[in-house]
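Report on the structure given below.
Heavy-atom basis, side chains included; hydrogens, waters and symmetry copies ignored.
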Amino acid sequence: MTGRPAAPIASVLAAVLLAGCSASLNEVAIETPIQPKLDITAFQRVLIAGFVAGGSDDVDANLETVRLLRSQLRSKSGLRVIEADVLPLEEIARDQAREAGAEPDVAPANDDDQGLPQKIQDEKDLAAYERIFANVDYWKKLGEEYQSPLIVTGTVLFTPHQRSGFVTREQEVYDQFGRRTTTPVRTYMERKGYILRPKFVFIDGRTGTTLYSESFREEILYNAQQNTPALSSYFELMDRLLPNFLNTLSAQKIRGTRVLLK
Amino acid sequence: MRRIVVAALLALTWAQPAFADLRADARAQVEFGIAVAQKGLWKEALLRWERATQIDPTYAAAYNNVAVAYEQMGQIEKARAAYDRAVELEPSNDLIRQNYDLFKEINDRKTGRTDR
């Protein structure tokens, strides 16, 4: 006898408690200002010089990266962006190596006679070119040419990638009344895509020394039957890391939500 | 002995309403703070929530809100200190932890590793 009314009372109590909880929750949108990682108060101008690029032949990663960063900095930083020809840094690095007669740290099979690989296919190949960023005289001279700006350079490796394995995807199921539900299904899939590995190097145009450098890695995979242009994938991957790049030079606001409590 | 027991009982009966009054005052400040924060008046909100923590230093929700206000203002270390205090006061409060985790995610991105 006494057990029967207990269920409705309990459910009413639970409803009241839930209502009480939700009434004391207040979600608000906030914008957290993040200070720049690099103090660039000494610079009014920025030169996106060029990148040592490698990987896929479908995208000119040097040219596209310079164009993209220039356009981003023009609208999202207080620096004046210098319009200049994009530097062919691989050729310049090879010239410097030839002049110095230096032996490379890494010597892959397709080296030219200076030891630097003619075609950059992986991170090992890129590593041989990295010494160009330590050439203080070269960057100082370039800085003098453009009235001592902040110089942005680095490396970009954009490589095709494929992986196969089990992935979880949602499958639509319709019951006898035509109602749609989704259930997670694990299926074996062949997937292909790209990996983007940029390293941004920030150089003081007055002294030629490196102020800061930061490396990233982003990856995207599609169903193997899907035909996604390489350039679209490149922009999709760059989009993911641009906020981090911009935060090196300028304050950014990160949007989010928080719960205020009573 | 009997006097001591009576005195203790009296103290308890007075203390309970006094604490309830403090919490009610602090809660009024917190509620007002929330109302103004929702209108974007974060400085006023922060003032109210800090007053709430002064009135009732055990009020975890008020510290949580103080932390959110400091986050909005970009005062990261003050936000962290307030979140720490809120978690210390109510370690099992999932909502405070959720806010703090989101805060740390952004802050780690700012000060974290250079190579990813």
- Partner residues of A:E90 under the salt bridge (charged side-chain N to carboxylate O under 4.0 Å, His left out) criterion, sequence neighbours left out: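 Not a single residue meets the salt bridge (charged side-chain N to carboxylate O under 4.0 Å, His left out) criterion with A:E90.
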- Task: Find out whether B:I76 and A:T32 are in side-chain contact, i.e. whether some heavy atom of one side chain is under 4.5 Å from a heavy atom of the other.
- Result: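 A side-chain contact exists here, since the closest heavy-atom pair is under 4.5 Å.
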- So with a 6.0 Å cut-off around CD of B:Q38, is the heavy-atom count from everything else above 12? yes
- Task: Return yes when atom CZ of A:R74 has more than 12 non-hydrogen atoms of other residues, nucleotides or ligands closer than 6.0 Å, and no otherwise.
- Result: yes
Quick one: pull up [atom1] in [X] and [atom2] in [Y] and give me the separation to the nearest 0.5 Å.
X      : Y     : atom1 : atom2 : result
A:E31  : B:M73 : CD    : CE    : 14.0 Å
A:K262 : B:E31 : NZ    : CD    : 4.5 Å
A:N26  : B:I34 : CG    : CD1   : 4.5 Å

Engaged part of [X] at the chain A interface, taking heavy atoms whose separation is under 4.5 Å:
X     : result
B:Y70 : neither
B:N65 : both
B:A60 : neither

- Interface residues of residues 42-55 of chain B facing chain A - heavy atom cut-off under 4.5 Å: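 Hits under 4.5 Å: B:W42, B:W49.
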- Listed by number, the residues in residues 82-93 of chain B that come under 4.5 Å of chain A (heavy atom to heavy atom) are B:Y83, B:N93
- Message: For A:V259, run the side chain to side chain contact (heavy atoms under 4.5 Å, CB included) check against B:N99, B:D94, B:V68, B:I96 and tell me which one passes.
- Response: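 The single option meeting the side chain to side chain contact (heavy atoms under 4.5 Å, CB included) with A:V259 is B:N99.
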- Message: Does any backbone or side-chain atom of A:T257 lie under 4.5 Å from a heavy atom of chain B? Answer side chain, backbone, both or neither.
- Response: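 The backbone, not the side chain.
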- Query: Checking A:A251 against chain B: side chain, backbone, both or neither under 4.5 Å from a heavy atom?
  - Reply: neither
- What heavy-atom pair brings A:P33 and B:E71 nearest, and what distance separates the two atoms?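 The pair with the smallest heavy-atom distance is CD-O, 3.7 Å.
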- Item | For A:Y234, side chain to side chain donor-acceptor pair (under 3.5 Å) partners two or more places apart |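 Checked A:Y234 against side chain to side chain donor-acceptor pair (under 3.5 Å); matches are A:T65.
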